[in-house]
Visitor: 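One structure coming up, written as structure tokens, with questions to follow.
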Amino acid sequence: MAWALRPIYLPDAHLPLGLDSGRPTCRACGTSWPCATAAEYLTTCRCVCGATTWADTTTPRRWHGGPRCYTDAEAVTAEAAKLRPARPHYPPSHYYPPKPARPVRQRPPYRHTTGGPGDVNLGTWVWVAPGALHPGWGDIHQLAMVTALDTPKCEVWLILDGTVHRARADHLTLSTSAGQRATGGAWLRWTIAQHLDHRAAGEPAEAAVQIAQLDLFSTPV
């Protein structure tokens, strides 16, 4: 008997027939599938509906035993979800609705670096979460500076285009440096709303006093 090289992939001649019936047979052998040849390339698993499923170990192919428990549209949706990257590319700017008018200001002069829980002030850099701004600014995080602290909304200045917005304090999180992340604690992941609640609830009075800063945006009387 002549020696033959084993095929790398499952031969098409040994693919199944009659999968919908629940009793598939091999095309070439005529026996119950998977036959001895096909079994070398397959692994058995279970579908969410409980039916036996065979997966090809050399290709992405799968075979579902019995009637299909999904539609073609559901199969396409599931495959798209599997192939979608963890960090998708955001759509171009023309995808978003037009931006409404917002005040535009120069970069505020405030400077503040958060040193602990509750230590937020004017000049704190934050990430504005999607949903806090008008959809015209996109469904992405925006870097901004806090220019007025309040609840439930704070005033922030976007570094992107210099516009000023009112954003919910529970949608603002600290923009931290590598050094802060290395030495800080869980409070670095708090929202501005949590920092304000912490300061109002248990911080000593002298530490809770907010340092007054010149408001360059006020109009002289």
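Position 1 is the first residue of the sequence; numbering continues from there.
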Visitor: Does any donor atom in the side chain of D161 or W137 lie under 3.5 Å from an acceptor atom in the other side chain?
Guide: yes
Visitor: Apply side chain to side chain contact (heavy atoms under 4.5 Å, CB included) to the pair L133 and V128, showing each step before the final yes or no.
Guide: CA-CA 8 Å; L133 305 177; V128 184; 3.8 Å; yes
Visitor: How long is the span from the CG atom in L160 to the CD atom in Q142, to the nearest 0.5 Å?
Guide: 5.0 Å
Visitor: For residues D139 and P130, report the shortest heavy-atom separation together with the two atoms involved.
Guide: OD1-CB, 3.0 Å
Visitor: Do C154 and R166 have side chains that approach each other closer than 4.5 Å (heavy atoms only, starting at C-beta)?
Guide: no
Visitor: Please determine, by modelled atom types, if T59 and D56 share a side-chain donor-acceptor pair under 3.5 angstrom.
Guide: yes
Visitor: With a 4.5 Å limit on heavy-atom distance, are the side chains of W54 and L19 in contact?
Guide: yes
Visitor: Counting neighbours of CZ on R189 that are heavy atoms of other residues, nucleotides or ligands and sit closer than 6.0 Å, is the number greater than 12?
Guide: no
Visitor: Report the C-alpha separation of W125 and T114 in whole Å, then their side-chain angles, then the decisive distance to 0.1 Å, and conclude whether the side chain to side chain contact (heavy atoms under 4.5 Å, CB included) test is met.
Guide: CA-CA 9 Å; W125 286 100; T114 302; over 6 Å; no
Visitor: Can you tell me how far the CG atom of D150 sits from the CD1 atom of I192, to the nearest 0.5 Å?
Guide: 13.0 Å
Visitor: Which heavy atom in R27 sits nearest to a heavy atom in P16, and how many Å separate them?
Guide: NE-O, 3.8 Å
Visitor: So, H198 versus W190, ring centres under 6.0 angstrom or not?
Guide: yes
Visitor: Do V104 and W157 land in one hydrophobic cluster if side-chain heavy atoms of ILVMFWY residues count as linked below 4.5 Å?
Guide: no
Visitor: Given the rule that I, L, V, M, F, W and Y join up when any side-chain heavy atoms are under 4.5 Å apart, are L17 and W33 in one cluster?
Guide: no
Visitor: I need the minimum non-hydrogen distance between V120 and R199, along with the two atoms involved.
Guide: O-NH1, 2.9 Å
Visitor: So, do R23 and S32 sit near enough that their side-chain heavy atoms are less than 4.5 Å apart?
Guide: no
Visitor: Evaluate whether atom NZ of K99 has more than 12 neighbouring non-hydrogen atoms of other residues, nucleotides or ligands under 6.0 angstrom away.
Guide: yes
Visitor: Just so I know, are the side chains of V126 and H171 near enough to count as touching, which here means a heavy-atom distance under 4.5 Å?
Guide: no
Visitor: Taking atom NE2 of H195 and atom CG of N121, what is their separation to the nearest 0.5 Å?
Guide: 12.5 Å
Visitor: How close do A13 and C26 get, heavy atom to heavy atom, and via which atoms?
Guide: O-SG, 4.1 Å
Visitor: Stepwise, does the side chain to side chain contact (heavy atoms under 4.5 Å, CB included) test hold for L172 with V156?
Guide: CA-CA 9 Å; L172 309 177; V156 294; 4.0 Å; yes
Visitor: Can you list the steps and then say if H165 with H134 is a side chain to side chain contact (heavy atoms under 4.5 Å, CB included)?
Guide: CA-CA 9 Å; H165 304 255; H134 184 276; 6.0 Å; no
Visitor: With side chains defined as the heavy atoms from C-beta onward, is the minimum distance between S175 and L143 less than 4.5 Å?
Guide: yes
Visitor: Roughly how far apart are T191 OG1 and L174 CG, rounded to 0.5 Å?
Guide: 9.0 Å
Visitor: Heavy-atom distance under 4.5 Å between the side chains of P11 and Y41, does that happen here?
Guide: yes
Visitor: If I take atom CG from residue D119 and atom OG1 from residue T124, how far apart are they, to the nearest 0.5 angstrom?
Guide: 7.0 Å
Visitor: Which distance, rounded to the nearest 0.5 Å, do you find between the CZ of R105 and the CD of E155?
Guide: 5.0 Å
Visitor: Work out which heavy atom in R61 is nearest to a heavy atom in D12; give both atom names and the distance.
Guide: NH1-OD1, 4.1 Å
Visitor: Sequence neighbours excluded, which residues qualify as side-chain contact (heavy atoms from CB on, under 4.5 Å) partners of T151?
Guide: L196
Visitor: Excluding sequence neighbours, so at least two apart, what forms side-chain contact (heavy atoms from CB on, under 4.5 Å) with T53?
Guide: C45, C47, R62, H64
